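Here is the structure we will look at.
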Amino acid sequence: MSKKHLDKIVSLCKRKGFVFPNSEIYGGLKASYDYGPLGVDLKRAISEKWWKVMTHNSNIVGLDSSIMVHPDVWEASGHVANFNDPMTDNKDNKKRYRIDDLLLQQKNKVIDALCEMISIENNNDNNTIDKISSTLLNDANKYNDALESAGVVDPFSGNVGKWTQATQFNLMFKTNAGPSEKTGKSIYLRPETAQGIYINYLLVQNSMRLKVPFGIAQIGKAFRNEIIARNFIFRTREFEQMEMQYFVHPSEDESSMNFWKKQRMDFYSSELGISNKNLKFHQHSKDALAHYAKDAFDIEYNFPFGWGEVEGIHNRTDFDLKEHEKLSGKNMMYFDAIKNEKYHPYIIETSTGLNRLFLMVLCEAYHEDTENNRIVLKLPFDLAPNKIVVCPLLKKDGLPDKAKEIFDIVSSDHKCIYDEQGSIGKRYYRQDEAGTPFGITIDHETLDNNTVTIRERDSMEQHRISLDKILEFVSKNK
RNA sequence: GCGAGUGUAGCUCAGCUGGUAGAGCACAACCUUGCCAAGGUUGGGGUCGCGCGUUCGAAUCGCGUCACUCGCUCCA
């Protein structure tokens, strides 16, 4: 599938009511999209599949925690410290660097010069580096040209760079709780839903009388100030996560990791109809691991723009629980009454982006049927926004009345749509493009003997069946 | 954030070196049509992303801005 396909999918999404650009009448807002009537149904169908697969398992329960939480949560999680990296650009070649990364690659005399400039001692350690970068940031105006005058070399060009002053990139959205800017408290919109699970995990465990291993599942919005937001709905600043955090005994972490890797990969093929050839695992290398992770796998999908992550399966160890215990001073240990043992469970995280799954499902379903000159969205029946289109063959002779009657009956079991506009072929094609799996057509014969033709979207085959066999046919052929 | 490109009707686009907008599809109404788009008639819809400037006059030129695409960069 080529990049051109993405353009076509974007256009189809807008035409058919799946996804609209947000705030379009005001010129748009970067990387912000709205889900239209068909889109919201598709998105909901995907999340319902996930919810069912997760929480119908007896030892996984649901949670809906708040988007806004106590700011200390993000101190404890490491998000405040780890995602506020001071950056600088080299104006000569437009390269951008994290200042700490850059300094690590400098000769000692350069670091010495910087230390002297900001009057600290050079201990030749990471602490010194951190101190330099935070000072450059905090007094950005004063140390405007510090990097350049200290002779900091651009590793790419090998020359001293023309460095801009240190700039902070805040990955978290900061806002104010309380009606007054002055008295209110600065808080963050959550950058991941996981922390809401961790801070509640003992309450959940107690109230549901759960024993390790158990899981907590949550679907909700998260917010990140991505530096680049691109590829349609693939990376947006506001997005919806579906996370399941699985709490295990520390000795069980690796087996649990393997279990969930398989479970999650299977989900895509068996529940969402994604072809295996378009899916793969990607293991994070040890030095690319997040600050909390011991091991991490992504599930990637072959998007029109290349392989992209749709889910992360991470071994987060006991890092988060221990950090929360440290900062809050509250016990975060699980008590195993049978073994009479107290410990911090390890957490295996499965974290997926609903919006990405949505895009993946659309990319997978999109087909150009050149033989019949039509576009078909081959969505699985369960995911299709509309299941059946009901059409009178002609807009006369009482056929519309009969069709509406049938529409009412079938609608009680399946989401249906009624269409009498245009030629019958045109109406079929319209629905093919929206992914509607079946079409029922009412003709004069229907008036005589209560039979209709039912047409299948993918094969375009038609069958004559009696009215009372519609549901049976649909459930057999979906 | 930097660089390049793009921005005209719901969608895809045309509009030459400036003279105040078009097509196809889509949509709506009516006719036609007895099962797989593109038949007929009629109609709705655009201050040409937005702002400022140059000009007698700008969709067309310049600057700024917003958005999208691509490349760097970043990515829990």
Side-chain angles (χ1 to χ4, degrees), chain A residues 3-4 6-8 10-17 20-33 36 74 77-79 82-83 85 87-98 101 156 164 167 169 171-172 190-195 222 224-232 234-235 241 243 284 288-293 296 298 305 308-309 312 314 316 319-320 349 351 353 369 372-375 391-397 399 421-433 439-446 452-457 459-464:
Chain A
K3 288 196 179 187
K4 282 215 157 140
L6 187 65
D7 291 342
K8 288 178 180 171
V10 172
S11 155
L12 182 145
C13 278
K14 191 172 179 185
R15 268 191 349 258
K16 291 303 208 179
F20 307 127
N22 171 266
S23 303
E24 200 180 29
I25 63 167
Y26 291 107
L29 178 67
K30 200 173 195 124
S32 199
Y33 293 91
W74 308 114
S77 70
H79 284 82
N82 283 293
F83 301 108
D85 302 318
M87 315 277 280
T88 184
D89 292 338
N90 183 357
K91 284 184 267 188
D92 277 340
N93 59 8
K94 312 295 182 198
K95 296 273 178 201
R96 168 173 294 169
Y97 297 94
R98 267 170 60 174
D101 279 353
F156 184 80
T164 61
T167 320
F169 289 86
L171 273 319
M172 284 197 288
R190 65 182 175 201
E192 62 175 15
T193 57
Q195 298 299 329
R224 297 177 191 175
N225 258 320
E226 303 286 356
I227 293 174
I228 53 146
R230 225 170 253 186
N231 289 328
F232 193 36
F234 182 78
R235 177 170 282 130
Q241 288 191 308
E243 295 197 314
H284 290 213
L289 286 177
H291 61 278
Y292 52 71
D298 292 340
F305 47 82
E309 176 189 352
H314 295 187
R316 294 185 69 138
F319 174 87
D320 296 278
E349 165 184 86
S351 171
D369 179 355
N372 296 296
N373 205 5
R374 60 175 190 152
I375 291 168
C391 307
L393 182 61
L394 298 172
K395 207 168 22 167
K396 60 178 185 185
D397 302 336
L399 296 182
Q421 180 65 40
S423 76
I424 188 66
K426 188 177 268 191
R427 282 176 271 165
Y428 288 153
Y429 277 35
R430 256 202 291 261
Q431 293 304 318
D432 288 342
E433 208 178 358
I440 291 175
T441 299
I442 285 76
D443 57 17
H444 293 93
E445 207 182 323
T446 312
V452 295
T453 50
I454 185 158
R455 169 196 183 264
E456 294 178 84
R457 175 195 64 199
S459 64
M460 299 171 75
E461 275 173 23
Q462 298 191 135
H463 310 268
R464 186 105 209 160

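Note that this is a predicted model, so its numbers are computed, not measured.
What separates CG of A:Leu29 from P of B:U65 is a distance of 17 Å, to the nearest Å. Nucleotide B:G34 holds its P atom 13 Å from the CD1 atom of A:Ile424, rounded to whole Å. Computed from coordinates, the A:Glu24 CD to B:C68 C1' distance equals 11 Å when rounded to whole Å. Taking atom CG of A:Asp7 as the reference point, atom C1' of B:C70 lies 11 Å away to the nearest angstrom. To the nearest angstrom, P of B:U73 lies 17 Å from CG of A:Leu171. Look at CD1 on A:Ile25: it is 19 Å from P on B:C66, rounded to the nearest Å. Computed from coordinates, the A:Glu445 CD to B:C35 C1' distance equals 12 Å when rounded to whole Å. Atom CE in A:Met172 sits roughly 21 Å away from atom P in B:C74 (whole-Å rounding).
With B:A26, B:C35, B:A76 as the choices, the nucleotide that has an atom nearest any side-chain atom of A:Leu393 turns out to be B:C35. Picking from B:G34, B:A67, B:A76 the nucleotide with the shortest atom distance to the side chain of A:Lys30 gives B:A67. Closest approach to the A:His314 side chain among B:C36, B:C35, B:A76 is made by B:A76 (side chain taken as heavy atoms from C-beta onward). Nearest nucleotide to the side chain of A:Gln462, out of B:C35, B:G34, B:A38: B:C35. With B:C36, B:C35, B:A26 as the candidates, the nucleotide lying closest to the side chain of A:Lys426 is B:A26.
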Begin from the C-alpha positions of A:Asp369 and A:Arg457 and carry the test salt bridge (Lys or Arg N to Asp or Glu O under 4.0 Å) through to its verdict.
-> CA-CA 11 Å; A:Asp369 179 355; A:Arg457 175 195 64 199; over 6 Å; no
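Between A:Arg316 and the phosphate of B:A76, there is no side-chain N or O to OP1/OP2 separation shorter than 4.0 Å. One finds a side-chain N or O of A:Asn231 lying less than 4.0 angstrom from the OP1 or OP2 phosphate oxygen of B:C70. Side-chain N/O atoms of A:Gln421 include one lying less than 4.0 angstrom from OP1 or OP2 on B:A29. A close approach under 4.0 Å does not occur between any side-chain nitrogen or oxygen of A:Lys395 and OP1 or OP2 of B:U33. Taking only side-chain nitrogens and oxygens, A:Lys14 comes nearer than 4.0 Å to OP1 or OP2 of B:C11.
B:U41 and B:A29 make up a base pair, with Watson-Crick or G-U wobble contacts both under 3.5 Å. Partner assigned to B:A23 is B:U12, using Watson-Crick or G-U wobble distances below 3.5 angstrom. The partner of B:C35 cannot be assigned: no Watson-Crick or G-U wobble pair with both contacts below 3.5 Å exists in any strand. Of the nucleotides present, B:G3 is the one that pairs with B:C70 by Watson-Crick or G-U wobble criteria, both distances under 3.5 Å. Pairing for B:C75 is absent, judged as Watson-Crick or G-U wobble with the two contacts each under 3.5 Å. With a cut-off of 3.5 Å on both Watson-Crick or G-U wobble distances, the partner of B:G57 is given as none. Judged by Watson-Crick or G-U wobble contacts below 3.5 Å, the nucleotide B:G64 has B:C50 as its partner.
With A:Arg224 contributing its side chain and A:Pro191 its backbone, the two residues share a donor-acceptor pair below 3.5 Å. Remark: the backbone N or O of A:Leu399 is not paired with any side-chain donor or acceptor of A:Asp397 at under 3.5 angstrom. Between the A:Lys16 side chain and the A:Arg430 main chain, a donor and an acceptor come within less than 3.5 Å of each other. Formation of a donor-acceptor pair under 3.5 Å by the A:Arg235 side chain with backbone atoms of A:Ala31 is not found in this model. Without hydrogens or angle criteria, A:Asp443 side chain to A:Thr446 main chain gives a donor-acceptor distance under 3.5 Å.
Looking at heavy-atom distances under 4.0 Å, A:Pro21 makes no contact with the nucleic acid at all. Within 4.0 Å of A:Phe232, counting heavy atoms only, lie sugar-phosphate atoms of the nucleic acid but no base atom. No engagement by A:Ala222 is indicated, since no non-hydrogen atom pair under 4.0 Å with the nucleic acid exists.
In this model, no side-chain donor or acceptor of A:Arg455 finds a partner on the base of B:C35 within 3.5 Å. Remark: the A:Ser11 side chain and the B:C11 base include no donor-acceptor N/O pair separated by less than 3.5 Å. At a cut-off of 3.5 angstrom, the base of B:C75 holds at least one donor-acceptor pair with the side chain of A:Arg235. In the interface, the side chain of A:Tyr428 is paired with the base of B:C35 through a donor and an acceptor atom under 3.5 Å apart. Contact annotation: side chain of A:Asp432 to base of B:C36, donor-acceptor pair absent below 3.5 Å.
The gap from the C1' atom of B:A26 to that of B:G5 amounts to 28 Å, rounded to the nearest Å.
Salt-bridge formation is not detected for the pair A:Glu243/A:Arg316: no Lys NZ or Arg NE/NH1/NH2 atom is positioned less than 4.0 Å from an Asp or Glu carboxylate oxygen.
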